[in-house]
Amino acid sequence: MLIKNVPSWHLPERAATPEAIYLNRRSLIGALAAGSALAASGPFAAAARAEDGQAVPDPSLGRYPATRNDAYLLDRPVTPKDAVWDYNNFYEFGTSKSISRRAAALQPRPWTVTVDGLVDRPTRFEIDDLFAKVQFEERLYRHRCVEAWSMAVPWTGFPLKALLDLVGPQADARYVRFETFMDPAVAPLQEQPFYPWPYVEGMTLAEAANDLAFLVTGIYGQPLAAQFGTPLRLALPWKYGFKSIKSIVKVTLTDERPVNFWQAIGPSEYGFWANVNPNVDHPRWSQASERVLATGERVPTLLFNGYAEAVADLYKGLGAEPLYM
Ligand code: MTE
């Protein structure tokens with residue numbers, strides 16, 4: 001993510017920076033972060049560990065791969081797994097893309113998701129109790145980062161609407177606010193006071209109830225590896241990727257518009273809506289095209305990332321809002 005006026009120690013990725021220079025910066029940050037004694041047990045550790053160090057079994061394993069929902073098709077090939085496996089944005093673990101080893105410190109069990117606020121049935125779900133209440137399916141979705149790279153991946157999960165139905169939104173609920181875990185012992189960047197931790201995101205209730213809004217539990221036919229936001233994240237494919245919050249612990253229905261993490265850091269560059277639009281540039285770079293991970297090909301970006309038919313109606317009458325930042 002790209003921000004202006006950052007403290008001197010903060011070296012964000014810059015789309016405008018030649019890749020060789022940027023890669024050098026990344027390895028510098030990576031080396032610094034690696035020095036801070038991270039608890040990863042291996043590159044792609046699969047099992048969670050309890051406090052006593054014992055592996056906690058994942059009771060949902062038998063539900064993968066889930067049946068693919070063919071209503072969600074791609075206009076491009078699925079990105080090969082190895083191109084995305086260690087290319088992530090998960091700032092809790094560092095500002096580089098290569099955080100999979102460090103993120104492996106994140107244990108998906110035990111894990112609870114609290115749903116509260118303007119709902120009839122506020123509930124604190126144990127993650128596997130929540131999973132037992134919903135049907136898993138696989139969807140092929142495009143993903144367009146605000147930094148102008150993109151991928152297309154098979155997510156497993158369930159519609160966000162299914163979670164809303166479990167708790168019963170009240171009539172005055174207008175927004176849904178999401179919050180990530182807060183544990184600096186696991187996620188070292190949460191020690192950095194510059195960032196407004198924990199990571200927060202939000203959307204309108206109407207957006208949350210849209211069929212495309214998907215709560216993700218897995219990727220490539222297996223439970224989410226830590227770097228993708230284990231055990232539960234969002235996928236909102238018509239919005240820039242920063243809206244797809246990872247490792248959710250809290251969902252609050254509210255009548256107040258949430259201020260998201262990047263909006264709090266750089267309100268002139270990152271907004272609440274963040275719908276993909278090739279005709280509205282980021283203040284410091286073009287959004288007209290995107291670099292496809294794996295091939296490096298540059299392709300034109302599509303309005304609402306190609307999902308206009310499904311979501312354009314959500315924004316009727318909202319023309320005065322900054323819908324595309
Ligand atoms: N969620 C949390 N908690 N922390 C983050 O840093 N980064 C966001 C989003 N969700 C982020 C997050 C950004 S900028 C993007 S592009 C996507 O996650 C990246 O998802 P991926 O790593 O699965 O590609």
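Both ligands and their constituent atoms are indexed starting at 1 by order of listing.
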Does one side chain, of Q190 or Y199, offer a donor that lies under 3.5 Å from an acceptor on the other?
no

Can you list the ligand 1 atoms lying under 4.0 Å from a non-hydrogen atom of G241?
8 (C), 9 (C), 13 (C), 15 (C), 16 (S), 17 (C), 18 (O)

Do you see a donor-acceptor pair shorter than 3.5 Å between the side chains of K97 and N88?
no

Min heavy-atom dist W85 to ligand 1 below 4.0 Å
no

Check the hydrophobic clustering (I, L, V, M, F, W, Y; side-chain heavy atoms under 4.5 Å; chains of links allowed) and say if V200 and M325 are grouped together.
no

With side chains defined as the heavy atoms from C-beta onward, is the minimum distance between L166 and L130 less than 4.5 Å?
yes

Are the aromatic rings of F131 and F136 close, with centres under 6.0 Å apart?
yes

With clusters defined by side-chain heavy atoms of hydrophobic residues (ILVMFWY) lying less than 4.5 Å apart, directly or transitively, does F194 cluster with I99?
yes

Evaluating non-hydrogen atoms only, which member of K97, E201, H143, K246 is closest to atom 21 (P) of ligand 1?
K246

With heavy atoms of C145 as the reference, note each atom of ligand 1 found under 4.0 Å away.
16 (S)

Can you tell which of Y199, F181, Y91 gets a heavy atom nearest to atom 8 (C) of ligand 1?
Y199

Record the part of W197 in heavy-atom contact with ligand 1 below 4.0 Å; permitted values are side chain, backbone, both and neither.
neither

Just which atoms of ligand 1 are under 4.0 Å from any heavy atom in W149?
24 (O)

Under-4.0 Å heavy-atom contact with ligand 1, by part of N89 that carries it:
both

If we number the atoms of ligand 1 from 1 as shown, the ones under 4.0 Å from a heavy atom of F228 are 23 (O)

Numbering as shown, the atoms of ligand 1 that approach T180 to under 4.0 Å (heavy-atom distance)
3 (N)

Logged contact type for E92 with ligand 1, heavy-atom cut-off 4.0 Å, is side chain

Can a donor-acceptor pair be found between the side chains of T217 and Y64 at a distance below 3.5 Å?
yes

Can you pull out every ring-ring contact (aromatic ring centres under 6.0 Å, His included) where at least one residue sits in residues 157-187? Sequence neighbours excluded, please.
Y175-F272

Ligand 1 to N88, heavy atom cutoff 4.0 Å, flagged ligand atoms 21 (P), 22 (O), 23 (O)

Take every heavy atom of M151, measure it against each atom of ligand 1, and state whether any distance is under 4.0 Å.
yes

Under-4.0 Å heavy-atom contact with ligand 1, by part of F90 that carries it:
both

Under a heavy-atom criterion of less than 4.0 Å, does R233 contact ligand 1?
yes

So, do W262 and Y91 have ring centers that fall under 6.0 Å from each other?
yes

Whether S244 lies under 4.0 Å from ligand 1, heavy atom:
yes

Please, which pairs that meet ring-ring contact (aromatic ring centres under 6.0 Å, His included) have at least one residue in residues 205-240, sequence neighbours excluded?
W85-F228, Y141-F214

